[in-house]
Amino acid sequence: MRRIGIDVGGTNTDAVLIEDGKVTGAVKAPTSEDVTTGILDSLKALAATGVLKGKRIDGVMIGTTHFINAVVQRRHLTKVGALRLGMPASASLPPFCDWPEDLAEIVRGGVWMVEGGHEFDGRPFMPLDEAAITAAAREMKAKGLRSVAISAIFSPLDPSHEKRAAEIVAGEVPGASITCSSDLGRIGLLERENAGLLNAGLADLARDTIAAFEQAIRDSGIAAPLYITQNDGTVVEATQARRLPVYSFASGATNSMRGGAYLSGLLDAMVIDVGGTTTDVGQLRHGFPREANSVVKVGGVRTLFRMPDLMSIGLGGGSHVSLDPLKVGPLSVGYRLLREGIAFGGKQLTTTDIAVAAGRLALGDRAKVTHLDAATCARVFGEAQRMVEETVDRMKTEAGDVPLIAVGGGAFLVPDKLEGVSEVIRVTHGDCANAVGAAIAQVSGECDQIFRDMARVDAIARANELAADRAVSAGADRATLSTIETEDMPLAYLPGNALRVRVRVVGDVAAT
Amino acid sequence: MDREITLDDIESLAVGAWVLGTGGGGSPYLGLLNMRRLYREDGLRVSLMSPDELADDDMVAAVSNMGAPLVGQERLTDSRTIARAVALMEEHTGKRFRAIMSLEIGGGNSIQPLMAAAHLGRPVVDADMMGRAYPEAQMTSVAVGDLTPCPLSTVDVRGLESIVDKVPTWKWMERVSRKICVEYGSIASTCKAPRTGAEVKQWGIKYTTTKAIKIGHAVREAQRLHQDPIAAILSVEPGKVLYRGKVKDVERRTTEGFLRGRTKFDGMDEYRGVSMEIAFQNEWIVAWRDNQPIAMSPDLICVLDSVSGEAVGTETIRYGQRVTVIALPPPEVFLSPKGLLHVGPRAFGYDIEFRSVFA
C-alpha cells in the first residue's frame, strides 16, 4: 500500500509518501498561481528525495482549501442563476435572502422562482411549470449565465422536479454547470439551496482546479488514480469532486486534524493548524474531528451538511502585519510570500518576517529584517498568542487544560505555553500533517433511503448493509469498515410507518 | 401606551421564544428573516401593547401556524399568509380586530402575530395562550377557561382558504382543523376563535412577549460577552438546572401527526453517572432522572445547548450534543385541576401524579 498525499494550501503545497503506514518522504513547495506548477514542483521534490524510485503508486490523494478560500475571500466565484421550484410558497424569502450582501452581489446572477416542488408525502406541491423554466433558462442564457443552482421543495424526498428542470436548462443553455440541491443536502430548503448556490458558484474554479491537478500528476510521470479528499476525511474520485466541490470544502482542515492524530498517536486532543492564510482550531474525538451539530456557516452563509466543527481565523505565516496600530491578518500574501515578504526582498511585512527577525525561523535574508527589534517582534507574537488562546478557548467544550497538537507550516506562531492548554505537542512532519491526513484518507459508502413497514432497528441494520456494500465496491476493505453516521427520521403521515434512514460507513482502501 | 418593537427586540424574541418552545414550536428563524425584510426593505414597524390596555369589547385575533415544522422548513414562511388568515376572519365575522396576539409564545408562533401586524398595521398584544409551546389545540388557557373554540380560519399559501364555523368542543376543533391542515400538506396559517379584550385580560397569559425578549436578550448578551448563557437565563427567570450531559440516543416515531419519542442522556460534570431520559410529543413532556420522574408538563422542560445557551429541538437533537436541561415555572392557569386535565402528564398518556419542580 503506497500512497501520495498532497495538500494544496493557499501558501504551500505539501506532499508526503506513505508506505505501509509510515511517512517515508515529505516535501514542501510554494503553491503557484496556476496550481499545476506547485503540485508538479512538490512531486518533483518528492521524486528528488529518491523515495519514489521504481515504486508503483496506488493513489494520489489531494486535499485543498481552494474552494473554501474562494468563498471566504470572495474570489474566483462564478455568477449563478438561482432557479427555485416552489411557487407560490416561499416568495417572500427568495434565494440569497440570508446571504451576506457582499457575497450575494458577487454570486447572484439572477433569481427565478417558478411553480413546482413536492409535498412531504410525495404528492406534487404544484405541477412543475416547464414553460416558466424554459423561459427562465432562456433569460439566463441571454444574461450569459453558465452556472445554475436548482432547488425544489422536498427534493431530498423526491428529486424528480429538480432533475427535470436540469434537463430543460441543459437543453436551453448547452454546457451549463448545473447543481441540484437534492445532491447536497437534507431537509431545510434555504440551507440546502445555499449549499447548492455555493456549489454552483464554484463551478469554474472546480473544473479548472481539478484539471490542473490531473495535468500535474500526468506531467510528473506518475501513473496513479487521482482522489480528492472530502469534509469527512474520506476520498472520492476526481470526477465527483469536480461536480460537487462543496463536499471538499473543509477537507484541508479535516486532513490536518486526521494527520495530527495519526502522527501524534493521540485520539483525543485539540488541534491547531496554522497555514499561510488561516488558522483552524478543532477537537479530535477518537481520531476524527468533532462534527458541527447543525447549521454551519461558510463565508457567512448558512448551510446544512456534515462539516467538522471548526473555528477559523485569519492568522497564518503569510498574514499581513501592521504595527501602528498593531494588526495581524486577516489579509495574507498567501503563496506570494517568497516574493512579497520583506525577508524575501518584497514590501509587505508578514508574520514570517517577524519570525525571521526574531530568529524563530531561518528563511529568506535575515539582513533585510534587522530593522524589526525584539520589542516589536514580541508585540506581534503577543497578538498572535492572544488570537490563538481566544480561539482555542472558544472551541473547548469543557473547562480544564487540554493537550494541543500544533501542526501546519505556520505553527511557529503557536508558543509552547498557552492559557488553557496542558501541553503543546509538535510532531515530526507536523508541517505536512494535512498531506499525511490526505494520504491516509478512507473510502466511504452511504445509504440514504426510505424504508417502509420495518422496525427501526431492522431498517437501520439494512441501511448499514447497503452502505457497507457500497463502500466495498468503492474500494474499501470490508474488515475495516465502521459506521460513522446514523440518522433516522420518521416521515409524517406516510402510510406504513415510513422511516428515512441515512447511514455512512468508512473503511481503509483495500490493498490491491 | 404602545411601544415600538425594534428589530433587535425581534432578534431577541426569536432566541427567547425558542427556549420557551420546550423542544417544539418550530424554529423562529424563518419568521425572523421575514421580519428583517419587512423592517429593512419595506420600512414596516410593529408596536407592542399591554393586554391591560384593551377595552373589554375590543376584538383580538389569536394567530398561529399549524402543522409539521419539517414542512415549514421546506415551504418556508411567507408573512402574507398569516396576515391573510386574519383578514379572512374579519371578512367572516364582519368585525375589525383591535390587535393581534400569539396563540403560542414558544417557537415560531411567537413571530406570527408580528408578521400579520406588520402587514395589517395593528399592534401586537403582549400575551399568549400557552406561555410555552404545546402540540394540541385544547392545550391552551382559553380552552381551560372553556371559551368558545370557533370559528377558525385556515389559509394555505396557494390560496386555499377554509373556515371551521361551528364545533362543540376544543377536541372537535383539533380534529377538524387538523384534517384540513393535513390536506393542505401539513401546514396552515390559522386565525383562532376571536377573543374579546375582556377574555384576553382574564384568560390570556400575560407579558410573555416581553418575557421571551428578556430571555433572548440575556442569551445573546452572554454569547457576546463569552459568559455562561445558562446562568444568564437563570438570572432573568426563576428556573432550575435539572441536568448536564450529552445525548446518548434519540428515538423518534410519528403517530397521528405528532412527533413522539424519547431521548437518553449521559451525565457530565456534577451529573456524571446520573442518567436522564426525556419523553416528547413535539415538546419535552416528562423527564426522568435516574428513573424517577423529576419534571413534567406543565412545568417547562428546556433542553439547551450547553455552550451557546440556545434551545435544542426534539426534531433536530442528535447524538453527542452537549446540553443543559433546565425547568422554568409554568403559567398559573395550568396548575388548577382543570388545567392539569388539559396539559398534565395524564393528558399525554403518562400515569404520573403531577408534581412541580417548583412546588
Side-chain angles (χ1 to χ4, degrees), chain A residues 84 86-94 97-98 115 117-121 123-126 151-157 186-193 285 290-291 293-295 302 304 309 390 393-399 455-457 485-494 497-499, chain B residues 27 29-34 36-38 41-42 67-81 115 156-159 182-187 226 246-247 250-261 268-269 305-308 310 312-313 315-322:
Chain A
R84 187 195 282 169
M87 285 292 275
S90 76
S92 70
L93 300 178
C97 70
D98 63 347
E115 292 180 358
H118 283 84
E119 304 263 30
F120 65 92
D121 59 3
R123 286 181 289 164
F125 172 67
M126 291 292 280
S151 52
I153 296 180
F154 275 118
S155 66
L157 299 187
R186 312 175 191 170
I187 302 292
L189 177 65
L190 270 189
E191 293 81 7
R192 186 174 70 247
E193 178 178 85
R285 292 256 167 80
R290 182 179 87 214
E291 282 179 330
N293 273 326
S294 50
V295 166
R302 284 165 55 98
L304 189 65
D309 196 359
E390 184 180 318
D393 184 57
R394 289 177 64 162
M395 284 309 291
K396 268 198 210 171
T397 46
E398 50 214 288
R456 177 179 177 240
V457 283
E485 189 178 332
T486 303
E487 193 175 41
D488 61 294
M489 182 182 290
L491 298 173
Y493 313 105
L494 278 186
N497 191 24
L499 191 69
Chain B
S27 163
Y29 179 69
L30 296 172
L32 175 63
L33 280 186
N34 270 285
R36 283 183 191 156
R37 290 175 70 88
L38 292 173
E41 279 156 49
D42 303 328
L70 193 73
V71 178
Q73 286 167 33
E74 283 293 315
R75 285 203 198 175
L76 308 186
T77 302
D78 191 318
S79 55
R80 287 165 292 207
T81 319
M115 292 191 288
D156 170 274
V157 68
R158 287 167 290 190
V182 169
E183 284 310 305
Y184 281 5
S186 280
I187 201 141
H226 303 301
K246 66 175 186 182
V247 181
V250 185
E251 188 191 328
R252 300 186 180 92
R253 61 189 188 282
T254 310
T255 44
E256 300 142 33
F258 297 114
L259 185 68
R260 291 191 169 96
M268 290 170 59
D269 304 334
D305 183 295
S306 290
V307 178
S308 74
E310 292 184 26
V312 179
E315 277 203 334
T316 51
I317 192 164
R318 61 204 302 171
Y319 176 84
Q321 269 181 298
R322 279 134 193 276

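Labels below follow one simple rule: chain letters A, B, ... track the order of the sequence lines, proteins then strands, and each chain is numbered from 1. Model, not experiment: these values are computed from the prediction.
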**Q.** Interatomic spacing from CZ in R158(B) to CD in E115(A) - rounded to 0.5 Å
**A.** 10.5 Å
Q) Side chain, backbone, both or neither: which part of R37(B) has a heavy atom under 4.5 Å from chain A? A) side chain
Q) Looking only at atom types and distance, does a side-chain atom of R75(B) sit under 3.5 Å from a main-chain N or O of F125(A), one as donor and one as acceptor? A) no
Q. Considering residues at least two apart in sequence or located in another chain, which fulfil the side-chain hydrogen bond (donor to acceptor under 3.5 Å, both in side chains) criterion with D98(A)?
A. N194(A), Y29(B)
Q. So which part of R36(B) gets closer than 4.5 Å to some heavy atom of chain A, the side chain, the backbone, both or neither?
A. neither
**Q.** Under 4.5 Å from a heavy atom of chain A, the part of L30(B) involved
**A.** both
Q.
Could you tell me if the side chain of D78(B) sits less than 4.5 Å from the side chain of S90(A), heavy atoms only?
A. no
Q: Mind checking side-chain hydrogen bond (donor to acceptor under 3.5 Å, both in side chains) for S92(A) and listing every partner two or more places apart, or none if nothing turns up?
A: N34(B)
Q. Taking E74(B) for the side chain and I153(A) for the main chain, is one N or O donor matched with an acceptor at less than 3.5 Å?
A. no
Q | Spacing of I187(A) atom CD1 and E315(B) atom CD [to the nearest 0.5 Å] | A | 10.0 Å
**Q.** Exercise: identify the closest heavy-atom pair between L33(B) and L190(A)
**A.** CD1-CD1, 3.4 Å
(Q) Can you tell me how far apart CG (L76(B)) and CZ (R84(A)) are? Round to the nearest 0.5 Å. (A) 5.5 Å
Q. When rounded to the nearest 0.5 angstrom, what is the spacing between CZ in R253(B) and CG in L499(A)?
A. 12.5 Å
